[in-house]
Structure formats: C-alpha cells, structure tokens
Amino acid sequence: MMSVKHPDTIPHTAQNAASYAQDEMIMAHACTLAQQGWGRTGDRPSVGCIIVRKGQIIARARTADGGQPHAEVAALAQAGNAAGTDVYVTLEPCAHHGRTPPCVDALIHAKPARVIIGLIDPDPRTAGQSIEKLKNAGIETLVGCGGAKARRTHNDHIRRIQDARPHITIKIATSLDGQIATKDGHSRWITGKPARDAGHRLRAQHDGILVGSDTLLADNPRLSCRLAGIRHTLRSFVLDRRGRLRKTTTPLKAHDLQVLTDINHLPQKTPDNTAMRFHGMNLAQGPHRDRQDLITAMALIAKLGISRLLIEGGGQIIAQALKAGIVDDLVWFRSAAIIGGDGIPAVAAMDLKALHDTPGLRRETITPIGEDVMEVFTCLPAS
C-alpha cells in the first residue's frame with residue numbers, strides 16, 4: 001500500500017500548462033456534478049466521473065441516489081468502450097468489496113489511457129491502493145488535480161472517516177441585528193420567500209436536519225424540504241438531553257423524528273401520537289460536557305448513515321457547536337428588519353473572554369436574495 005500523509009499532498013504532474021488547465025477545468029466540472037448528489041447518497045460519497053476521448057466528453061455520471069451505482073461504473077456503462085480515454089474521477093476509486101465490486105477493477109478492465117483523480121480516498125480500505133493498482137496495470141494515473149475543490153466536494157466523506165461525524169452546516173435566518181424573533185417570540189416571517197426558498201434548497205443538499213428540544217417544542221417545525229420541483233426527504237433529529245419529548249402529548253410535524261436523549265431518559269413506550277425513534281446517549285460530565293455531548297450526538301448521527309447534517313437551531317445548540325469547533329459551513333440569511341436588543345438572538349451566550357476566542361470564519365460569498373442577503377462562511381479550524 002502506498003504511503004498517504006494527506007489527501008492533497010501528491011501533486012498533479014501534467015506535462016504542460018495547457019493540458020494541466022484542461023484537466024483542472026474538467027475536474028471542476030466533475031466536482032460540480034458530484035455536488036448535485038450531496039445529501040442523496042447516504043453513507044456513500046457522491047463522486048463525479050467524466051470520460052473524455054480526444055478532447056470530447058463521451059460520458060459523465062455521479063453516484064446515484066442511495067449510493068448505487070457508483071459514478072465510475074455508471075460512466076463506463078455510458079461510454080461503452082472506454083479504451084484509450086481519459087477518465088476524471090473526483091475521489092480515488094474504491095478498492096474494496098462492499099455492496100458492489102471495486103470500481104478500480106472496472107477501470108482497469110476498461111483500459112483507459114489515463115485516470116485523473118482529484119483526491120485520495122481517506123477510507124483505509126482504499127487509501128492509495130487503487131492508485132497503486134492502476135499504475136501497476138500500466139495506466140497513467142495523476143492525483144491531486146483540482147485538489148481544493150475535490151476536498152470540499154468530499155468533505156462529508158472525510159469527516160465521516162477521520163472525525164466520526166457528518167459534514168455540519170449551520171443555517172440561520174435573522175433580522176439585520178441578528179435576532180430570530182421579537183421578545184414575545186414572533187418570527188413569521190423574518191425573511192422573504194426567495195430567502196426561504198433558498199433555505200429549502202440548502203435542505204435539499206443535506207440528508208439530516210437537527211434542532212434542539214426548545215426549538216421543537218416552541219415552534220413545532222416540519223423540518224422538511226418543501227420546494228416545487230425538488231423531491232427530497234431529510235431524516236429529522238432533535239437533541240433532547242433532558243428527556244422532555246418522552247412526556248409530550250403534542251402531535252409533532254417533523255416526519256419520522258429521531259430523538260437523541262440521555263440513556264437514562266429513554267422512554268418505555270413511544271407515544272402513539274408521534275413518529276419518534278429514541279436513541280440513547282451516554283452524557284458527558286465535567287466542564288466540557290456540552291462539547292462532549294455534541295461530539296457523542298454527531299458520532300451517533302453518522303452511525304445512522306447521515307453524511308451531511310443541517311443544524312437549524314436553536315441558539316443554544318448553535319452556540320455550543322460553534323464553540324466546539326465542529327461546524328464546517330455557516331449560512332446566514334439576513335433581512336433588513338431591526339428588532340432590537342430585547343429580541344431573541346440567533347446565537348446564545350458563548351462565554352468568550354477575548355476576541356481571539358471567537359470562532360474563525362472566512363466569508364465565501366454574499367448574495368442578495370430578494371430583499372434579503374445570504375452570506376456563506378467556511379468555519380476555520382482552531383489555530
């Protein structure tokens with residue numbers, strides 16, 4: 001097995017700048033294709049694959065919804081004869097037998113001239129083995145093309161393998177001054193319909209959605225993707241450390257709600273008027289309890305097959321997740337309204353002592369949406 005220190009460390013070795021630029025362009029297209037499967041492939045990474053013959057694309061595919069067939073197999077089937085072609089794949093083809101045979105074997109059998117790979121698979125069952133097999137089969141194999149975009153495309157897969165958690169996005173919708181509601185709890189609607197539609201498109205890129213018990217009991221949200229032309233079902237989760245939901249008699253709108261609760265608060269029976277499944281957690285003790293509880297919850301969600309999780313509140317969970325450093329992306333919708341300091345803030349108290357303790361964020365985009373604005377941030381690792 002070849003030694004792999006980091007998915008981006010093996011450089012692309014194109015022979016000249018023109019071919020390198022073309023490889024980068026096609027890999028970027030493959031990444032965009034793969035991202036169309038975000039939230040739809042379960043615990044399988046959504047991979048993009050493009051096959052090119054003499055500069056012309058003859059096949060393109062992404063991992064199918066549900067995780068099968070894999071992108072490489074689908075693209076090879078489209079191509080028919082892939083001998084002598086260039087195959088671009090965003091993630092190293094799998095080398096292990098799972099629900100399907102190894103994709104690397106299908107590629108070797110197809111006899112392409114080149115295989116261009118965006119990212120080495122961090123899964124130890126592959127992790128460089130496919131690259132070695134391709135090279136041993138006499139196929140020119142280039143690794144690292146479009147590495148930054150490929151890494152972002154497959155961050156959910158990387159998180160599951162390396163951190164035992166999903167890719168986590170926080171979504172917030174507030175007034176201009178960061179409030180989610182008036183002091184009396186009135187919040188409908190704080191942003192306009194175009195921004196709300198964008199929020200549902202964001203839901204369509206995730207396979208799980210999480211709120212806290214306060215939010216669920218106060219707002220009883222549906223936690224679904226409701227947008228014309230998009231059919232997508234998220235699995236709904238609520239973090240209920242105190243076991244409050246086992247006593248509720250309120251019919252809940254969230255479909256097939258899965259409750260993460262203290263193992264001591266597991267109910268003897270699920271209420272007949274709700275669709276809840278309870279999963280017990282061993283809660284942490286000590287000064288870092290909130291962080292450890294969240295890490296435990298995220299690991300449990302990952303084990304339940306979720307690769308991309310959207311956190312939509314409330315303020316306590318958002319604050320704890322940001323402070324714990326487990327958030328990958330933050331999407332903030334901001335309206336032009338001003339509510340004032342007596343409103344309800346989107347982010348609860350974080351007990352920070354100095355500005356350098358604040359979570360690191362890098363703003364990626366600012367987009368006007370109707371009368372509102374959407375800001376997208378990447379959350380940076382603690383230095």
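For reference, positions follow the sequence shown, starting with 1.
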- Evaluate side-chain contact (heavy atoms from CB on, under 4.5 Å) for Met281 paired with Leu239, printing each intermediate quantity in order. CA-CA 10 Å; Met281 303 189 306; Leu239 187 58; 3.6 Å; yes
- Query: Is the closest side-chain heavy-atom distance between Thr233 and Cys225 below 4.5 Å?
  - Reply: no
Kindly list each side-chain donor-acceptor pair under 3.5 angstrom involving residues 333-355, sequence neighbours excluded, with atom names and distances?
unit_1: Arg334; atom_1: NE; unit_2: Glu375; atom_2: OE2; d: 3.4
unit_1: Arg334; atom_1: NH2; unit_2: Glu375; atom_2: OE2; d: 3.4
unit_1: Ser335; atom_1: OG; unit_2: Ile190; atom_2: O; d: 3.1
unit_1: Ser335; atom_1: OG; unit_2: Ala337; atom_2: N; d: 3.3
unit_1: Asp351; atom_1: OD1; unit_2: Lys353; atom_2: NZ; d: 3.2

- Please identify each residue that fulfils side-chain contact (heavy atoms from CB on, under 4.5 Å) with Arg165, with sequence neighbours left out. Arg159, Asp163, Ile168, Met298, Ile326, Asp328
- By side-chain contact (heavy atoms from CB on, under 4.5 Å), Ile58 pairs with (sequence neighbours left out) Ile51, Arg53, Ala79, Thr85
- Item | Joint cluster assignment, Leu33 & Trp38, ILVMFWY side-chain distance < 4.5 Å | no
- Message: Using a 3.5 Å distance criterion without hydrogens, assess whether the side chain of Asn220 forms a donor-acceptor pair with backbone atoms of Pro251.
- Response: yes
- Take atom CD in Gln78; do more than 12 heavy atoms of anything else shown fall under 6.0 Å from it? yes
- Rounded to the nearest 0.5 Å, the OG1 atom of Thr215 sits from the CD1 atom of Ile317 at a distance of 7.0 Å
- Nearest-0.5 Å distance that lies between atom CG in Leu260 and atom OG in Ser213: 11.0 Å
- Task: Verify salt bridge (charged side-chain N to carboxylate O under 4.0 Å, His left out) between Asp372 and Lys193, making sure each step is shown before the conclusion.
- Result: CA-CA 10 Å; Asp372 308 311; Lys193 187 177 185 304; over 6 Å; no
- Are Arg203 and Glu312 close enough, and set up right, to give a salt bridge (charged side-chain N to carboxylate O under 4.0 Å, His left out), and what steps lead you there? CA-CA 10 Å; Arg203 288 183 176 184; Glu312 288 203 8; 2.9 Å; yes
- Message: Pairing donors with acceptors under 3.5 angstrom, does anything connect the side chains of Glu92 and Thr126?
- Response: no
- State, yes or no, whether a side-chain contact exists between Leu134 and Ile117 at a heavy-atom distance under 4.5 Å. yes
- Straight-line distance of His206 NE2 to His167 NE2, nearest 0.5 Å: 5.5 Å
- Item | Donor-acceptor pair, side chain of Thr153 and main chain of Arg151, under 3.5 angstrom | no
- Quick one: CG on Leu234 to CG on Asp207, what's the gap to the nearest 0.5 Å? 7.5 Å
- Note on the structure: Contacts satisfying side-chain hydrogen bond (donor to acceptor under 3.5 Å, both in side chains) that involve residues 57-66 (not counting sequence neighbours) are His29-Arg60, Arg62-Asp65
- Item | Arg242 bridged to Asp214 by N-O distance under 4.0 Å | yes
- Checking side-chain contact (heavy atoms from CB on, under 4.5 Å) against Val327, which of Thr169, Ile318, Leu322 comes through? Leu322
- Message: Could you measure the distance from the SG atom of Cys31 to the CD1 atom of Ile26? Nearest 0.5 Å is fine.
- Response: 12.5 Å
- Across all chains, not counting sequence neighbours, the salt bridge (charged side-chain N to carboxylate O under 4.0 Å, His left out) partners of Arg291 are none
- Task: May I ask whether Val73 and Val89 are part of the same hydrophobic cluster, defined by side-chain heavy atoms of I, L, V, M, F, W, Y residues being less than 4.5 angstrom apart, directly or through others?
- Result: no
- Query: Backbone N or O of Ala30 within a donor-acceptor pair of the Thr90 side chain at under 3.5 Å?
  - Reply: no
- How long is the gap from CZ on Arg44 to CZ on Arg160, to the nearest 0.5 Å? 7.5 Å
- Query: Tell me the salt bridge (Lys or Arg N to Asp or Glu O under 4.0 Å) pairs involving residues 296-308, sequence neighbours left out?
  - Reply: none
- Item | Residues forming a side-chain contact (heavy atoms from CB on, under 4.5 Å) with Lys133, sequence neighbours excluded | Val104, Asp105, Ile108
- Trace of the side-chain contact (heavy atoms from CB on, under 4.5 Å) decision for Leu361 with Leu380: CA-CA 6 Å; Leu361 300 172; Leu380 305 176; 6.0 Å; no
- Kindly state each residue pair satisfying salt bridge (Lys or Arg N to Asp or Glu O under 4.0 Å) with at least one member in residues 249-258, sequence neighbours excluded. Asp256-Arg277
- Item | side chain to side chain donor-acceptor pair (under 3.5 Å) evaluation trace for Asp184 with Thr182 | CA-CA 5 Å; Asp184 296 323; Thr182 66; 5.0 Å; no
- Using a side-chain heavy atom cutoff under 4.5 Å and only I, L, V, M, F, W and Y, what cluster partners does Ile366 have? Val373
- Message: Holding to salt bridge (charged side-chain N to carboxylate O under 4.0 Å, His left out), I want the full list of residues that pass it with Arg125, two or more places apart in sequence or in another chain.
- Response: Asp123
- Task: Answer yes when Arg241 and Asp293 have at least one side-chain N-carboxylate O distance shorter than 4.0 Å, and no when they do not.
- Result: yes
- Query: Can you list every pair that meets salt bridge (Lys or Arg N to Asp or Glu O under 4.0 Å) and has a residue in residues 75-89, with sequence neighbours left out?
  - Reply: Asp86-Arg114
- Please list, chain by chain and in numerical order, all residues satisfying side-chain contact (heavy atoms from CB on, under 4.5 Å) with Arg201, sequence neighbours excluded. Asp197, Ala198, Leu227, Ile230
